[in-house]
Amino acid sequence: MTPTATTGELARLVGGTLRGSPDVVIQGVGTVHDAGPHEIAWVTDVTYFKKASVCRAAAIIGPADLPDTLGAVVIVSDVEAAIAKVLAFFEPPLWQPPAGRDGSAYIDPTAELGEGVVVGPFVTIGPRTIIGRGTVLYSGVFVGADATIGASCQLWPNVFVGDRCQIGNRVVIWPSATIGRPGFGFILRERRLQRIPQIGTVVLEDDVEVGAGACVDRAKCGATRIGVGSKIDNMVQVAHNVRIGPGCILAGQVGLAGSVRLGTGVVLAGQVGVVDGVEVGDGVRATAKAGITHSVAAGMTVASYPARDRMTTLREQAAVRRLPDLADLVRKLSLRVEALEAAANNSQAG
Amino acid sequence: MTPTATTGELARLVGGTLRGSPDVVIQGVGTVHDAGPHEIAWVTDVTYFKKASVCRAAAIIGPADLPDTLGAVVIVSDVEAAIAKVLAFFEPPLWQPPAGRDGSAYIDPTAELGEGVVVGPFVTIGPRTIIGRGTVLYSGVFVGADATIGASCQLWPNVFVGDRCQIGNRVVIWPSATIGRPGFGFILRERRLQRIPQIGTVVLEDDVEVGAGACVDRAKCGATRIGVGSKIDNMVQVAHNVRIGPGCILAGQVGLAGSVRLGTGVVLAGQVGVVDGVEVGDGVRATAKAGITHSVAAGMTVASYPARDRMTTLREQAAVRRLPDLADLVRKLSLRVEALEAAANNSQAG
Amino acid sequence: MTPTATTGELARLVGGTLRGSPDVVIQGVGTVHDAGPHEIAWVTDVTYFKKASVCRAAAIIGPADLPDTLGAVVIVSDVEAAIAKVLAFFEPPLWQPPAGRDGSAYIDPTAELGEGVVVGPFVTIGPRTIIGRGTVLYSGVFVGADATIGASCQLWPNVFVGDRCQIGNRVVIWPSATIGRPGFGFILRERRLQRIPQIGTVVLEDDVEVGAGACVDRAKCGATRIGVGSKIDNMVQVAHNVRIGPGCILAGQVGLAGSVRLGTGVVLAGQVGVVDGVEVGDGVRATAKAGITHSVAAGMTVASYPARDRMTTLREQAAVRRLPDLADLVRKLSLRVEALEAAANNSQAG
């Protein structure tokens, strides 16, 4: 059942130039370190290949300067794109519940399901909700009332989508993510925290992906919005009224506080946090664990807490590392100045 | 189906003073930036209103110094409380499963359900568990054995409540939160990590709220306890034997290690962490990403890692920013001292 | 129904030496601060006992230098192991669904379930999946196709296990954890983020524990692997192709980026993050919130961001705390040098 391909076929698949035999049969993909004798590996840079003392792969995909030490070498100009194609060829399709609607599902009679929608076991769909053609709801998914879900989406097990949320086409939501719980807002009055109602909604545009256990909260009013094609990893927190532009990448455990705005193509590494109301410009990158407390201009790379230009933080960290030496130097200088002062006093006195 | 109100009605609702027409029909709420021509907006400070170059709202709620540039202005002394009332007026009720017990639910015959309890589809309720009147269990909720859940609670889809947990009245638990898994405790003996049994429980007092995906772990012995009216956001970790006082606010992704104690009215911003056993006094505030490694006295505002008084950390950050300049200055001073020493030597020699 | 034991029985259970009455009836366990008059408490160090102004416990377990102030004292050499045994004695078994397969479960006819497997309500099991004897699947668990789950495992409510994942024996997975979603990998081509297929799998070896809401992602190729007996707390992110050695402890909200490698017995405290590709040696410890950006040699204890040797970071933090004083000193030195220079000039001029 596992697909196989010859090196010649794979070279054609990726539009590469083959050196060596076109007839080597490949059954899978591995890294340069752990690929087996029937697998193809890849390197984006020839130095990685040289570092791997032994590579047992049957073939390798890489740049033009790869040595011909293996049975077959496929030369490409874009290794990452090529290996993505090879991985797609070998990718086993993930299991989904049988076509149609599982008999156990709770589907409100006023919900509208498009052609080819798959409703897995134990799914709940509320009144007036509309689900586009070809969308798959895995076991235990809950969609509230008046929600709209586009075509060809995947909602993995136990995903929650609240009332009135609007989800585009080809959106993928991984297990146990929560879309559209009311935002976290309270006011303290008469010594009690009182809920601020959150009457807005959540909009996930086309091709958005939301990771397992991630949360996108319903807006106070208007919408919390994630732009076309943005990809959000596991356990990311997107608070109420956040707006994320198109093509952003938010790595695992990132947290965006209320009303944060991200431009286009922003990349936030793991565990980054952004304080409420902050604007992050187009193309900004933040390194892991950065804490963004003020707005960041387009194109910057920021780091550390509070987040600033990455090069600045590196210089500061280096200065802090030398700080004990600096303190020592100042102590010694102080003694030398004292000695000079004493000498000057003596000579004056003299 | 959407409710509407006139500006006159809304002014009465919030106890405000109306300037302008009482007959403008309002259909919803928006921010000063994005409210539409049939919506009411709000500002807490007149400067926000002036900053918004164009406000298309039909009316606005705000403080007494608001200009009369819109059709209607509602003047109130407490804008936040007023807008909460207006939002509540326009808030559509969230859908819940039909009254009664869904036929699919697994309910142990020894469980006791109060009047008006709603048991959604695919719910599991263990033996001897007691659920108070009017509480709603959404789809996929699991409540173990011997648990007690008060009246008028909401347990959203796929919430887990373990055996013997005690949950007060009007408690709200958002999707996929985990209340009462055994605490995370191991001892290393004979080169193996051995589980320390966790025989305690979890107590959530009245009016507590727990966010989506958050975890409150079962105590080793005694109880992990969250005080009256405390509000906990998404993906917050509350480890075993933690005690949280009343009226606390824990923002998204906060983590409290074992046996941490929070006093009354503590506010922890997003991604704050507290090390095990630490006591945090009444009214303490911690800014985003603070790492609290030692006990904090009541009333302090702390920041940074390791967390200290916020003003101190700001001063230190400023000093670090000037550190490269300081090092430069010391280098130059050193040269000048050298020159002075040489001159002194010369003059002595002379 | 609660078990009881006499002090004599408990002393025998833990292999300890009893001082005082062997006939005191004990009904539970409490801390030295809150144990009641029918409970046994423990202290690992006599100073804790002295600090607790009033201890109402009926008996206490501790080291040899404990005073005989309570009715009964059980002296042991390893208090932690002893109290674990006592807790195990008093631990009420957690409720699990009735034996056999709940009628509501969706079980593909090609799945193979071992003897004594418990399948709770609303469980989904995909084709060709194999589940070992005595394993318990609580309500709402989803296991995809071609997965293997060993014997005597516990999968708590709403756990997700993806296709082809391999789970060992005695593995415990807490509620809403996600094992085997495809890793988070994209390439930007033609201005769109394109998915990199993730064709690998996840391997959890024997005796692994995974916390509530935690995520272990499917590898790009090969396997994301967690070694024998490693324990992972709530909301931990383990990205694709991570390899965790045996006997590691990862506390709550830790995040490991792609291809991170942890050796044997690594201990990461809460909210620690490790940057992609980094290797962390055997026995390394990282304190809370550390951000590990470079490989760490075996045996080190690291702290802070970027993570370095803990003692070094403590010295640096102390130096930073004194930095304002240092700057002040330099300013004054500068003035004194100026004065010396002026005097020297004068004397020269003179």
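So that the names make sense, note that chain A is the first sequence line, chain B the second, and so on, each numbered from 1. Worth saying up front: this structure is predicted, and the values here are computed from it rather than measured.
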key: R321(C) to P306(B) - nearest heavy-atom pair and separation   = NH2-CG, 4.3 Å
query = Do the non-hydrogen side-chain atoms of P98(C) and Y106(B) ever get within less than 4.5 Å of each other?
reply = yes
task = Would you mind checking which part of D233(C) comes under 4.5 Å of any heavy atom in chain B, side chain (CB onward), backbone (N, CA, C, O), both or neither?
result = both
ask   = Is it the side chain or the backbone of D217(B) that comes within 4.5 Å of chain C heavy atoms, both, or neither?
value = side chain
inquiry  = Between P182(B), A145(B), G291(B), who has the most heavy-atom pairs with chain C when the cutoff is under 4.5 Å?
reply    = P182(B)
query = Which region of R164(B), side chain (C-beta onward) or backbone (N, CA, C, O), has a non-hydrogen atom less than 4.5 Å from a non-hydrogen atom of chain C, or is it both or neither?
reply = side chain
ask   = What part of E80(C) lies closer than 4.5 angstrom to a heavy atom of chain B: side chain, backbone, both or neither?
value = both
inquiry  = If I measure from the heavy atoms of chain B, does L314(C) come under 4.5 Å with its side chain, its backbone, both, or neither?
reply    = neither
ask   = Would you say T124(B) and W95(C) make side-chain contact, with heavy atoms under 4.5 Å?
value = yes
request  = Give, as side chain, backbone, both or neither, the part of V274(B) having an atom under 4.5 angstrom from any heavy atom of chain C.
outcome  = neither
note = Only residue of R195(B), K220(B), R218(B) satisfying salt bridge (charged side-chain N to carboxylate O under 4.0 Å, His left out) with E91(C) is R195(B)
task = Measure across R189(B) and D78(C) and return the closest heavy-atom pair with its distance rounded to 0.1 Å.
result = NE-OD2, 2.5 Å
request  = May I ask you to name which of G200(B), G222(B), G126(B), G144(B) has the most heavy-atom pairs under 4.5 Å with chain C?
outcome  = G126(B)
task = Measure the CZ-CG distance between R331(C) and L333(B) for me, rounded to the nearest 0.5 Å.
result = 12.0 Å
ask   = Got a second to check how far C221(B)'s SG is from W42(C)'s CH2, nearest 0.5 Å?
value = 4.0 Å
query = Which atom names give the shortest non-hydrogen contact between A288(C) and V275(B), and what distance separates them?
reply = CB-CG2, 4.0 Å
query = How long is the gap from CH2 on W174(C) to CZ on F160(B), to the nearest 0.5 Å?
reply = 7.0 Å
query = Which region of R336(B), side chain (C-beta onward) or backbone (N, CA, C, O), has a non-hydrogen atom less than 4.5 Å from a non-hydrogen atom of chain C, or is it both or neither?
reply = both
message = So P121(C) and V123(B), do their side chains get closer than 4.5 Å, heavy atoms only?
response = no
ask   = Is the closest side-chain heavy-atom distance between T178(B) and N234(C) below 4.5 Å?
value = no
remark   = Note: vs chain B, highest number of non-hydrogen pairs under 4.5 angstrom among G252(C), G213(C), S139(C) is S139(C)
inquiry  = Report which part of A223(B) has an atom under 4.5 Å of a heavy atom belonging to chain C: side chain, backbone, both, or neither.
reply    = neither
ask   = Quick one: what part of L323(B) sits under 4.5 Å from any heavy atom of chain C, side chain, backbone, both or neither?
value = side chain
ask   = Contact part of Q194(B) toward chain C, heavy-atom cut-off under 4.5 Å: side chain, backbone, both or neither?
value = neither
task = Counting only heavy atoms closer than 4.5 Å, note whether V238(B) contacts chain C via side chain, backbone, both or neither.
result = neither
ask   = chain C heavy atoms under 4.5 Å from V236(B): which part of the residue, side chain, backbone, both or neither?
value = backbone
query = Should Q271(B) and Q253(C) count as side-chain neighbours, where that means a heavy-atom distance under 4.5 Å?
reply = no
key: Residue, of I196(B), D108(B), N158(B), that accumulates the most heavy atom pairs under 4.5 Å with chain C   = N158(B)
Per-residue contact mode, K289(C) against chain B (heavy atom under 4.5 angstrom) = side chain
ask   = So do the side chains of D207(C) and L193(B) get within less than 4.5 Å of each other, counting heavy atoms only?
value = no
query = Of the backbone (N, CA, C, O) and the side chain (C-beta and beyond), which part of A105(B) lies under 4.5 Å from a heavy atom of chain C, both, or neither?
reply = backbone
key: Pair E316(B) + R322(C), salt bridge at N-O below 4.0 Å   = no
ask   = Within a radius of less than 6.0 Å around CZ of R285(C), do more than 12 heavy atoms belonging to other residues, nucleotides or ligands occur?
value = no
request  = With a 4.5 angstrom heavy-atom cut-off, could you sort out which part of Y305(C) is near chain B: side chain, backbone, both or neither?
outcome  = neither
ask   = Minimum heavy-atom separation for A212(C) to C215(B), with atom names?
value = CB-SG, 3.7 Å
key: S334(C) and K332(B), any side-chain heavy atoms less than 4.5 Å apart   = no
task = Provide the closest heavy-atom pair for F184(B) versus I249(C) in the form atom of the first, atom of the second, distance.
result = CE2-CG2, 3.7 Å
request  = Taking all non-hydrogen atoms of both residues into account, name the closest pair between A344(C) and L340(B) and its distance.
outcome  = CB-CD2, 4.2 Å
query = What part of F122(B) gets closer than 4.5 Å to chain C, counting heavy atoms only: side chain, backbone, both or neither?
reply = both
query = Quick one: CD on Q96(C) to CG on D163(B), what's the gap to the nearest 0.5 Å?
reply = 10.5 Å
key: Any side-chain heavy-atom pair of I199(B) and P92(C) under 4.5 Å   = yes
F142(B) side, atom CZ; S176(C) side, atom OG - distance, nearest 0.5 Å = 11.5 Å
query = What part of L250(C) is in contact with chain B, defined as an atom under 4.5 angstrom from a non-hydrogen atom: side chain, backbone, both or neither?
reply = backbone
